[in-house]
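Contents: one structure, followed by commentary.
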Amino acid sequence: MITRHFETPWTEHAFLEPECAVAYMDEDGDVMIYSTDQSAYCTAHECSLLLGTDKVKVQNALVGGGFGGKEDMTVQHHAALITYLTGRPVKVRLTRAESLLIHPKRHHFVMDFTMGCDENGKIMGVKASVESDTGAFASLGGPVLERACTHAAGPYAYENFEIEGTAYYTNNPPAGAFRGFGVTQTCFATETLLNMMADEIGISPWEIRYRNDIRPHGVLPNGQIVDDSTGLVETLEAVKEEYDRAAAAGKPVGLACAMKNAGVGVGIPDWGRVKLIVEEDCKVHIYSGASCIGQGLGTVLVQMIVTNTDLVRDDIVYERSNTWIAPDSGTTSGSRQTLVTGEACRRACEKLMEARKEGKTLADLAGQEFYGEYLAKTDPLGADVPNPVSHVAYGYATQMCILDPKTGKPEKMVAAHDVGKAVNPLSCEGQIEGGVVMGMGYALRERYPIDENCRPIEKYGALGLLRSHEVPEIQAIVVDKPGLKVACGAIGIGEITSIPTAPAIADAYYRLDGVRRYILPVSGTPYERKG
């Protein structure tokens, strides 16, 4: 049995453009808001509450990058209020300094974990406590803590798991959603202990995971029975050859696994909704309230139509999210849109094809709309049912860091991810590469220091983000294992790609110098910031 104390830092969404919104009065007398957020409907709802009127419309600007940082309201309500009071067009934009001060951060966690296993490396149980600094406002501190705790057990086949989590209000800047949503922090602790356990009983980190990994129809520590799409073992097998080759060559190599939900889960209503409208141009226009924020949702929905109908790409137009035509499809978070809105789109396609059965062309269907919706039904936390369904699906991953023993820097990152059915393999690879780079910055250098007055003391350029020339070779492996009965088998991949990176890197440095690291960013590396 091993017990260790872990700590992870605040980090800031500094790679995002500062927050911006535009508002004006439209021809209907409504306050029209252009916003770069993760849910047009949430923005409309909150601005309506502020203004005391339902005469609010929101349209998303197509923008790359959300990573949780666009879930909270920032300046949309300011723009809406000024326009409502003056009737004039307004643009409100935070400066970089303002954004660094008030924008929600990744939560600072302090954690104590205990793990035990038998002589064969089989996990017997985990006990843990987690403390989270959610700053001056709640934001999503509660849900982040819940997700951190429910995933802290890891993607392994044992059922003795006890964890207590507490989020504290402080005078610090607020913390909220950030890619990985709390799991990034607790995964660092669990996976580090598992690597220590492997050394304790004399087997490799790869082997201890292979002996414990969850497999189809197995039971997770939360009691959920997993489905045929469960591909953790395949991700381990995908990196095995490279792992053995690096170890045989005497290179320090670190390994970590992760799981992450797709969908909101835990009993919260999780709807996907899509309208396919055949307009006067004789093309099918896609309307959904799901925000496309760089993850490629628009492309996914177009591909869903091409896959599930007899239409071709030129027959289809993707429309950006809005609140007056497009139906509410929930927030773009929780790696949910490909699965949940994707399935809603597939169901709308069935209705479209039924209408085309008698040889009707799109011109014949002009003016008609075809609606699809899907509820990703789950059980609430603490539900008194056998084997509760916490989430409709999970993605799984194995990541590996190979260090150059001469420079002490990563020379290669290998990341194998189970995505169910890869709707767009190239996009999946891009998500993996971007997530690994983000995880590397978190593991090696990024900090958000504050002074005695709880204000940030660093500017954007000094926060420690990795530059492009510092990124090593990244091998992205897409494990295609359909098993779900919805969305053509697709599972989201947006969040999980950053989760196992830090423990893999920390373990690689242990293989280099024999020093265990329990605090992020890791110390004693060429990336360590002095002063």
Side-chain angles (χ1 to χ4, degrees), residues 121 154-156 180 183-184 187-199 203-214 231-260 395-419 428-429 431-444 466 470-479 493 496-513 516-517 520-522 525 527:
Y156 304 112
V183 186
T184 317
C187 177
F188 173 59
T190 302
E191 293 297 302
T192 297
L193 284 185
L194 199 54
N195 286 328
M196 296 172 71
M197 281 291 189
D199 293 342
I203 61 176
S204 73
W206 188 93
E207 182 62 32
I208 199 170
R209 288 171 172 80
Y210 198 74
R211 293 181 186 184
N212 285 286
D213 58 7
I214 192 70
L232 180 61
V233 64
E234 285 84 355
T235 68
L236 277 163
E237 291 170 344
V239 306
K240 182 66 161 59
E241 183 178 345
E242 186 88 24
Y243 180 84
D244 289 343
R245 183 165 54 246
K251 294 182 177 180
V253 54
L255 194 75
C257 293
M259 63 182 286
K260 185 66 173 69
Y396 300 89
T398 300
Q399 290 190 12
M400 186 171 72
C401 172
I402 303 171
L403 293 181
D404 183 332
K406 293 181 180 179
T407 66
K409 295 182 177 182
E411 69 173 32
K412 186 175 184 179
M413 298 292 299
V414 181
H417 284 259
D418 160 37
V419 301
C428 287
E429 290 178 12
Q431 286 280 2
I432 293 170
E433 291 168 359
V436 168
V437 172
M438 189 179 291
M440 288 182 66
Y442 180 59
L444 293 168
L466 288 183
E470 297 174 303
V471 176
E473 176 187 356
I474 300 174
Q475 181 182 357
I477 303 172
V478 177
V479 175
I493 190 178
I496 192 173
T497 53
S498 289
I499 293 174
T501 315
I505 289 173
D507 190 55
Y509 278 105
Y510 171 74
R511 308 298 160 187
L512 176 68
D513 59 18
R516 286 287 180 193
R517 293 156 171 90
L520 295 179
V522 293
T525 78
Y527 299 91

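In this text, all values refer to a predicted model and were calculated from it rather than measured experimentally.
Minimum heavy-atom separation, Thr192 to Pro503: OG1-CB, 4.2 Å. Heavy-atom minimum distance, Leu255 versus Val239: CD1-CG2, 4.2 Å. Scanning all heavy atoms of the two residues, the minimum distance from Cys428 to Val478 falls at CB-CG2, 3.8 Å. Considering every non-hydrogen atom in both Ile496 and Gly395, the closest pair reads CD1-O, 3.3 Å. Shown here for Gly121 and Asn212, the closest heavy-atom pair between the two residues is O-ND2, 2.8 Å. Heavy atoms only, all atoms of each residue included: Gly435 and Thr501 are closest at O-OG1, 4.3 Å.
Under the 4.0 Å criterion applied to side-chain N and carboxylate O atoms, Lys409 and Glu470 are not assigned as salt-bridge partners. A salt bridge between Glu237 and Lys240 is absent, with no side-chain N of the basic residue lying under 4.0 Å from a carboxylate O of the acidic one. The pair Arg516-Asp507 meets the salt-bridge criterion, since a charged nitrogen lies less than 4.0 angstrom from a carboxylate oxygen.
Looking at heavy atoms from C-beta onward, Asp213 lies out of side-chain contact with Tyr396 at the 4.5 angstrom threshold. Between Leu444 and Val522, the closest side-chain pair of non-hydrogen atoms falls below 4.5 Å. In this structure, the side chains of Asn195 and Tyr510 stay at 4.5 Å or more apart for every pair of heavy atoms. Looking at Pro410 and Tyr527, their side chains come closer than 4.5 Å, going by heavy atoms from C-beta outward. Counting only heavy atoms from C-beta outward, the side chains of Thr398 and Met400 never approach each other to under 4.5 Å. Considering only heavy atoms from C-beta on, Ile214 stays 4.5 Å or farther from Met259 through its side chain. Between Leu232 and Asp418, the closest side-chain pair of non-hydrogen atoms is not below 4.5 Å. A heavy-atom distance below 4.5 Å is not found between the side chains of Arg511 and Leu403.
Within the 3.5 Å criterion, the main-chain N or O of Val436 finds no donor-acceptor partner in the side chain of Thr497. With hydrogens and angles ignored, the 3.5 Å screen pairs a side-chain donor or acceptor of Glu191 with a backbone N or O of Cys257.
Between the OH atom of Tyr156 and the OG1 atom of Thr190 there is a distance of 8.0 Å, given to the nearest 0.5 Å. Expressed to the nearest 0.5 Å, how far NE2 of His417 lies from CD1 of Ile432 amounts to 5.0 Å. The OH atom of Tyr442 sits 12.0 Å away from the CD1 atom of Ile505 when rounded to the nearest 0.5 Å.
Sequence neighbours left out, the pairs with a member in residues 251-260 that pass side chain to side chain donor-acceptor pair (under 3.5 Å) are Lys251-Glu411, Lys260-Glu495.
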